[in-house]
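Only one structure is covered here, and it is reproduced in the block below.
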Amino acid sequence: MQTRTIFFDLDDTLYDRRLPFRAAFRAFFGGRYAELTDRAFYTVMHRGYEVFEAAHTGKITMRQMHIYRHQTGLRDLGIAITEDDALRLQALYAAEQGKIALTDTMARVLDLCREKFAATGVITNGGVDTQRSKLRSLGMERWLRDDLVFISDAVGVMKPAPEIFRMAQSAAGGGPCVYVGDSLTQDIAGAHAAGFMTVWMNRTGEAAGTIVPDHTVCSEPALLECLKAL
């Protein structure tokens with residue numbers, strides 16, 4: 001009998017955010033700074049993490065967050081843009097995120113989860129409309145139980161707080177759970193604290209730290225094989 005429920009993070013787990021960012025960066029700069037594209041992704045996202053909680057708790061506006069992350073993240077690489085430029089780059093990035101799709105391999109992963117686990121859900125930080133829109137773009141309704149979609153802005157708790165994981169586990173019936181996520185500090189640490197088995201989706205080859213996941217994979221095919229073996 002299937003007893004375990006599996007939950008996934010959304011961004012950089014179910015899909016790779018580098019792909020829409022690369023497209024937006026290319027459209028914005030018209031080929032300039034092409035060699036800096038992936039470094040820009042990391043600096044912009046890092047700067048976004050610095051103010052993410054402030055934006056999602058109302059301490060600053062989302063507009064301010066978007067300006068800060070793009071303007072400051074690119075400045076870290078010696079690229080100067082105006083506030084209006086930052087908002088235009090964000091608009092291009094948001095438009096590209098509306099085009100995201102699951103890879104064939106990730107669809108196979110989710111098909112396997114439907115067979116192997118009692119249910120599949122998502123635990124993600126972010127805004128309700130934004131994250132729901134991404135799930136629709138990915139066609140996740142084929143695999144998810146809607147009552148097992150936990151978005152931080154909807155439930156009032158953000159990862160890595162173990163409470164959001166415990167809420168999800170309770171909704172799933174209280175049994176054992178598996179969590180797949182890309183962030184050691186947000187995903188793996190929080191899920192581990194809640195008693196979940198953890199699978200670190202390390203797409204970028206990040207060096208391991210003091211947080212130790214139960215399993216580590218570096219690609220979607222490796223994730224598929226890992227879940228087959230559980």
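FYI, side chains are in, hydrogens and waters are out, and symmetry mates aren't considered; it's all heavy atoms of this structure. In this chain, numbering begins with 1 at the start of the sequence shown.
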Taking the basic N atoms (NZ, or NE/NH1/NH2) and the acidic carboxylate oxygens, is any pair closer than 4.0 Å for Asp111 and Arg114?
yes

Tell me the closest heavy-atom pair linking Cys226 and Val217, and the distance in Å.
CB-CG1, 3.7 Å

List the atom of Phe25, the atom of Tyr33, and the distance in Å for their closest heavy-atom pair.
CE2-O, 3.4 Å

Specify the closest pair of heavy atoms between Phe7 and Cys177, including all atoms of both residues, with the distance to one decimal.
CE1-SG, 3.9 Å

For Asp182 versus Asp187, what's the shortest heavy-atom pair and its separation?
N-OD2, 3.0 Å

Report yes or no: do Val178 and Ile188 belong to one cluster of Ile/Leu/Val/Met/Phe/Trp/Tyr joined by side chain heavy-atom distances under 4.5 Å?
no

Please tell me if the side chains of Phe8 and Met140 come closer than 4.5 Å, counting only heavy atoms from C-beta onward.
no

Looking at side-chain heavy atoms only, is the closest gap between Phe196 and Asp214 below 4.5 Å?
no

With no hydrogens and no angle check, just 3.5 Å: does a side-chain donor-acceptor pair link Glu53 and Asn125?
no

Between Arg18 and Asp12, is there a side-chain N and carboxylate O pair less than 4.0 Å apart?
no

Exactly one candidate in Leu144, Thr5, Val109 meets side chain to side chain contact (heavy atoms under 4.5 Å, CB included) with Thr120; the answer is Leu144

Is there a side-chain contact between Leu230 and Phe117 (heavy atoms, below 4.5 Å)?
yes

Could you verify whether a donor N or O on one side chain and an acceptor N or O on the other, from Gln186 and Tyr49, lie under 3.5 Å apart?
no

Any residue meeting side-chain hydrogen bond (donor to acceptor under 3.5 Å, both in side chains) with His56, in chain and number order, not counting sequence neighbours
Asp153

Residue pairs meeting side-chain hydrogen bond (donor to acceptor under 3.5 Å, both in side chains), one or both in residues 216-229, sequence neighbours left out, come to Thr103-Glu220, Arg203-Glu220, Glu225-Lys228

Quick one: closest heavy-atom pair of Met65 and Ala55, and the distance?
SD-CB, 3.6 Å

Shared hydrophobic cluster for Met158 and Val149 (ILVMFWY, side-chain gaps under 4.5 Å):
no

